[in-house]
Amino acid sequence: MKTPGKIFIWISAALLILWMFPRIVRLASMETFSTPFTLYSPIVDCFAWRADTADKFALEDEKGNIYRGKDSDTILPLFYYTDLAVRGMLPDTIKGKKITVDEIKKNRVIEMCRPSDINKPQRAVYPLMESIPQREGELEDPGFALICRKDGFHIVDMSTNKEDETLTSDLRQKTEGFSHPAVLAAGNPSHHKSYDEGYLVTDSSGNLWHIKLAGGKMVAENFGAKGSLRHMMITENDNHQTLGFLFGEDGTLSMLLPDGSVVPTEVKCNPMKESFMVVGDIVNYTVKVSDNSGEKFYALSTDDFSLISTMERSYPSEKNFWDYITPLRLIFTTASDQYVFPRFRTL
């Protein structure tokens with residue numbers, strides 16, 4: 001009869017094999033691949049990317065056309081504008097819009113989000129930056145923190161770790177009607193931007209609020225109910241065209257405008273499972289939604305966020321012969337979240 005000690009050893013050995021053997025085999029047999037950076041071209045009216053040729057300047061579009069030579073960048077002038085401007089090849093207008101280097105820089109939009117940015121332990125403590133700094137254009141380090149609790153909002157002075165009763169009272173008065181606790185909050189307390197818009201916060205009744213610290217006082221605005229939301233991103237771009245991106249429970253991406261109005265788009269994304277990236281310019285937004293199976297691209301008009309075009313690109317299958325030899329795996333982490341715990345994954 002086996003002793004409990006031997007049983008424990010056998011179980012531990014089995015779990016170790018389930019954990020390490022498939023991992024080692026996968027690392028040894030994995031074939032890497034990459035996909036080219038893709039944008040929608042307002043010149044040829046389709047998606048384009050760097051061609052896989054000996055010519056490092058060559059571009060290819062989804063119709064199969066190859067653009068060679070140093071002038072190939074002209075089909076993506078709003079991305080390669082620096083080189084084109086130096087060579088005097090930057091167009092004056094595109095789709096009826098005046099093009100200058102300053103306008104291109106002002107309207108450049110780059111936003112991205114991965115599932116691991118969302119699927120992680122969340123703490124309802126949010127650093128507050130001053131939206132009206134003492135020196136214009138020079139954002140200061142956060143001096144206060146917004147804390148969301150069931151009993152209401154609290155503003156804490158980060159230098160003393162004590163509650164600022166004046167700011168707390170000010171915020172509670174201006175958020176009268178907020179249904180606690182807060183459900184979602186989105187902000188970007190970073191210096192890598194030209195201005196600060198604080199946070200977008202949803203309450204338990206589904207109302208969307210905009211909260212920020214401006215001139216030493218709390219500012220709060222109720223945008224009303226915006227439907228059931230799965231995730232939010234605040235946008236603080238130089239063109240001030242949008243205030244945020246809203247992801248509905250049905251996967252619909254909507255643009256939140258500075259006045260609180262919402263413009264739904266035809267983009268579908270589940271940010272809990274799919275990666276999201278948008279690159280915008282004066283004319284178009286190129287939106288990429290990707291998961292383990294492939295990528296889907298959307299081109300949206302910057303005028304009204306209407307859909308211009310779509311394109312899909314599938315990834316090679318990740319499965320190989322060894323996956324069928326080791327169909328059951330023990331893993332502790334995944335690329336889609338930041339949690340560490342044992343879980344089994346099957347083929």
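Between D304 and S306, the shortest heavy-atom distance links the atoms OD1-OG, 2.8 Å. Of all heavy-atom pairs spanning P77 and L84, the tightest one is CA-CD1, 3.4 Å. When all heavy atoms are compared, the tightest approach of A145 to V125 is CB-CG1, 4.1 Å. Residues Y199 and P189 share a closest heavy-atom pair of OH-CG, 3.7 Å. Residue F276 comes nearest to L253 through the heavy atom pair CE1-CD2, 3.8 Å, listed as atom of the first residue, atom of the second, then distance. When all heavy atoms of I118 and C113 are compared, the pair lying nearest together is CD1-SG, 3.7 Å.
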Yes or no on side chain to side chain contact (heavy atoms under 4.5 Å, CB included) for V44 and N65, after CA distance, side-chain angles and deciding distance?
-> CA-CA 10 Å; V44 296; N65 299 314; over 6 Å; no

Begin with the C-alpha distance, continue with both residues' side-chain angles, and end with the deciding distance and a verdict on salt bridge (Lys or Arg N to Asp or Glu O under 4.0 Å) for K97 and D92.
-> CA-CA 8 Å; K97 296 187 177 183; D92 295 328; over 6 Å; no

Steps toward salt bridge (Lys or Arg N to Asp or Glu O under 4.0 Å) verdict (D117, K120) | CA-CA 7 Å; D117 297 330; K120 62 181 182 180; 5.6 Å; no

Audit row: L307, L300, side chain to side chain contact (heavy atoms under 4.5 Å, CB included) steps and yes/no | CA-CA 5 Å; L307 183 67; L300 305 179; 3.9 Å; yes

Would you please test D164 and V156 for side chain to side chain contact (heavy atoms under 4.5 Å, CB included) and show each step?
-> CA-CA 5 Å; D164 189 306; V156 173; over 6 Å; no

Intermediate values then yes/no, side chain to side chain contact (heavy atoms under 4.5 Å, CB included), F144 and L167 = CA-CA 10 Å; F144 298 90; L167 289 178; 3.7 Å; yes

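Applying side-chain hydrogen bond (donor to acceptor under 3.5 Å, both in side chains) to D170 and the options K174, R172, Q173 leaves one that passes, K174. When each of L184, L200, V201 is checked for a side-chain contact (heavy atoms from CB on, under 4.5 Å) with L208, only L200 meets the rule.
Between the side chain of D291 and the main chain of G294, a donor-acceptor pair closer than 3.5 Å is present. The backbone N or O of D196 lies less than 3.5 Å from a partner atom in the side chain of S131, making a donor-acceptor pair. Remark: the backbone N or O of N270 is paired with a side-chain donor or acceptor of E274 at under 3.5 angstrom. Without hydrogens or angle criteria, T235 side chain to L243 main chain gives a donor-acceptor distance under 3.5 Å. In this structure a side-chain-to-backbone donor-acceptor pair under 3.5 Å is missing from E249 to S228. Looking at S179, its side chain never comes within 3.5 Å of a backbone N or O of D203 through a donor-acceptor pair. Remark: side-chain polar atoms of E236 are not paired, donor with acceptor, to backbone N or O of K193 under 3.5 angstrom. S41 contributes no side-chain N or O that, together with a main-chain N or O of L76, makes up a donor-acceptor pair within less than 3.5 Å. Checking side-chain atoms of T38 against main-chain N and O of P36 turns up a donor-acceptor pair under 3.5 Å.
Going from atom NZ of K288 over to atom SG of C269 covers 11.5 Å, rounded to the nearest 0.5 Å. One finds the CG atom of N107 at 13.0 Å from the NZ atom of K105 (value rounded to the nearest 0.5 Å). L146 CG to L128 CG: the interatomic distance, rounded to the nearest 0.5 Å, is 5.0 Å. If you take CG on N222 and CD on E176, they are separated by 11.5 Å, rounding to the nearest 0.5 Å. Rounding to the nearest 0.5 Å gives a distance of 4.0 Å between CG of L78 and CD1 of I94. Atom CH2 of W49 sits about 7.0 Å away from atom CG of D61, to the nearest 0.5 Å.
When side chains are defined from C-beta on, M232 counts as touching T202, because their heavy atoms get closer than 4.5 Å. Using a 4.5 Å heavy-atom cutoff, the side chains of M272 and P115 are not in contact. Looking at E60 and Y67, their side chains never come closer than 4.5 Å, going by heavy atoms from C-beta outward. Counting heavy atoms from C-beta on, the side chains of Y315 and T35 come closer than 4.5 Å. Residues T302 and V109 are not in side-chain contact: their nearest non-hydrogen atoms beyond the backbone lie 4.5 Å or more apart. At a threshold of 4.5 Å between non-hydrogen side-chain atoms, the residues M277 and V287 do not count as touching. When side chains are defined from C-beta on, H191 counts as touching D141, because their heavy atoms get closer than 4.5 Å. In this structure, the side chains of I155 and L171 come closer than 4.5 Å at one or more pairs of heavy atoms.
Surrounding CZ of R114 are at most 12 heavy atoms belonging to other residues, nucleotides or ligands under 6.0 Å away. Atom CD of E140 is surrounded by more than 12 heavy atoms from other residues, nucleotides or ligands within 6.0 Å. Annotation for D303: atom CG counts as buried by contact number, over 12 foreign heavy atoms lying within 6.0 Å. A 6.0 Å sphere centred on CD of Q122 holds more than 12 heavy atoms belonging to other residues, nucleotides or ligands. Shown here is N161, whose CG atom has no more than 12 heavy atoms of other residues, nucleotides or ligands within 6.0 Å.
Taking the six-membered ring for Trp and thresholds of 30 and 60 degrees, F297 and F47 have ring planes inclined between 30 and 60 degrees apart. Using cut-offs of 30° and 60° on the angle between ring planes, the pair Y285 and F305 is tilted.
Ring pair F341/F332: centre-to-centre distance not below 6.0 Å. Ring centers of Y195 and H240: under 6.0 Å apart, within the cut-off. Within the 6.0 Å centre-distance limit, the rings of F178 and F153 are counted as a close aromatic pair. The ring of Y40 has its center no closer than 6.0 angstrom to the ring center of F79.
In the hydrophobic clustering of ILVMFWY residues, with side-chain heavy atoms under 4.5 Å counting as a link, I234 and F247 come out apart. Note: the hydrophobic cluster containing I282 also contains I43 (ILVMFWY, side chain heavy atoms under 4.5 Å, direct or indirect links).
Residues D238 and S194 bring a donor and an acceptor atom of their side chains to less than 3.5 Å of each other. Side chains of E163 and T168: a donor on one and an acceptor on the other come within 3.5 Å. In this structure, a donor-acceptor pair under 3.5 Å is absent between the side chains of D102 and T100. S290 and R313 share no donor-acceptor pair across their side chains, judged by distance under 3.5 Å alone. With no hydrogens or angles considered, no side-chain donor-acceptor pair links N207 and S205 at under 3.5 Å.
By the 4.0 Å N-to-carboxylate-O rule, K63 lies too far from D45 to be salt-bridged with it. Salt-bridge formation is not detected for the pair D281/K106: no Lys NZ or Arg NE/NH1/NH2 atom is positioned less than 4.0 Å from an Asp or Glu carboxylate oxygen. Classification of E197 and K212 as a salt-bridged pair holds, one side-chain N sitting under 4.0 Å from a carboxylate O.
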